[in-house]
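Here's the structure we're looking at; comments come further down.
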Amino acid sequence: MPHHQNLADITNVLLDEQTRGDLLSETLDQYRDILLTASGIDLGGEEEMDCVHTGAGVAIGTTWAALCIDDLLRTKRFVSGLYQAVVSTKARRDGPVHILYAGTGPWATLFLPLTSRFSAQELRVTCIEINGGSYASVQRTFDQLGLSDYVEAFIQTDAATHVISGGTPIDIMLTETMQYCLIDEMQVPIALNLMRQLAEDVIMVPERIIVSLGVLEDETNRFVRSDFGPVFTLDKATLKAYLPITGSLDFPTFRLPVPLPGKTPEGPLALLTTIQVFGGQNLTHYESGLTNPQIIGQYPTTDNPLAAIDFTYQLEPTPLLEMAFIND
Ligand SMILES: C[S@@+](CC[C@H](N)C(=O)[O-])C[C@H]1O[C@@H](n2cnc3c(N)ncnc32)[C@H](O)[C@@H]1O
């Protein structure tokens, strides 16, 4: 099997809790080179840059999806969390573990390392991708790496509307189709659509994404001074409780009071995104492009008061955490 040993070495480094800095960066460079050669995609191509606008959110272009690999800790923690999810499923029952991977990008980056730890009899994957270039590329990648035996099916579809057909039951639903604050991309509609079709014990990876309101040290300092608590959580419980009211797909509005000036250290107000991938693999503030805080305003003063903020996660016309500022 071409690159089998290289992939095994890469996996060992990615799954090692001690891996940091240069070693992680060099290992992912090597992994990217293998994937580039296998897929033959042109990262500079015009078509490869094109995003797909589904009408309910954005699916990023082939080049951008490929380059997600360079978000070092994201890639490491997602691969490690997915590995933990497979191990935990195998501990529960016999038989192959089946992953539904929604949004593989051109390389199925988060899945391939696991092929050096589990055989094709132990691990199965169904690959979903909406972008035509990425869809063609992911098939070439599996084929060129001699890993097609792992694949139940390749499906080109919108994962936010896809209807899962019968076949091998799914154990893990994996999707990383998000940006910080769950803006624009389709993590939430994809998770909603797929998880409601799957059994209750199916593991969702990432298992929880929390957006909270916080205060930063200042506009430039990479430091969160205080966290006022979650304003939107995406996990199996919120998906199960989701019940849109007539005429709107919005999640319920959540009002978070903002402490009075002087009651807490002041600085820019920001939305903070944290990700619990699985099995203790987490991503917190500034560790990834997905968890960079987004400044939304200045801390209120007596001249510029703010009592609370109403947060509503909307799905239409595009995924977004809507905010309404309440002054009294
Ligand atoms: C952020 S990239 C991640 C790529 C790769 N899974 C990784 O983690 O490195 C997200 C991928 O999901 C695909 N995608 C986004 N929305 C989708 C949807 N609604 N249905 C199917 N694929 C989607 C995009 O085209 C893109 O290839």
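When a ligand or atom number is given, it counts from 1 through the structure's own listing order.
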Point to revise | OG1 on T11 to CG on D16, rounded to 0.5 Å | key: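 It is 12.0 Å, given to the nearest 0.5 Å.
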
Review point. Between the side chains of T253 and D310, is a donor N or O closer than 3.5 angstrom to an acceptor N or O?
Key: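 No, no side-chain donor-acceptor pair sits under 3.5 Å.
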
Exercise for review: Indicate whether any N or O donor in one side chain lies under 3.5 Å from an N or O acceptor in the other, for S25 and D22.
Suggested key: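 Checked: S25/D22 side chains show no N/O donor-acceptor pair below 3.5 Å.
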
Check your understanding: Between R32 and D29, does at least one N-O distance fall below 4.0 Å, as a salt bridge requires?
Key ->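 Yes, this pair counts.
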
Every pair of nitrogen or oxygen atoms between ligand 1 and the protein that is under 3.5 angstrom apart - can you list them with their distances to 0.1 Å?
unit_1   : atom_1 : unit_2 : atom_2 : d
ligand 1 : 6 (N)  : Y101   : OH     : 2.6
ligand 1 : 6 (N)  : G103   : O      : 2.9
ligand 1 : 6 (N)  : T104   : O      : 3.4
ligand 1 : 8 (O)  : R74    : NH1    : 2.7
ligand 1 : 8 (O)  : R74    : NH2    : 3.4
ligand 1 : 9 (O)  : R74    : NH2    : 2.9
ligand 1 : 19 (N) : D158   : OD1    : 2.8
ligand 1 : 20 (N) : A159   : N      : 2.9
ligand 1 : 22 (N) : I130   : N      : 3.3
ligand 1 : 25 (O) : I60    : O      : 3.3
ligand 1 : 25 (O) : E129   : OE2    : 2.6
ligand 1 : 27 (O) : G105   : N      : 3.4
ligand 1 : 27 (O) : E129   : OE1    : 2.8
ligand 1 : 27 (O) : E129   : OE2    : 3.3

Review point. Can you say whether the rings of Y150 and F111 are parallel (under 30°), tilted (30 to 60°) or perpendicular (over 60°)?
Key: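 Ring orientation, 0 to 90° scale: perpendicular.
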
Check your understanding: Is the Y242 ring parallel, tilted or perpendicular to the F251 ring (thresholds 30°, 60°)?
Key ->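 Tilted.
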
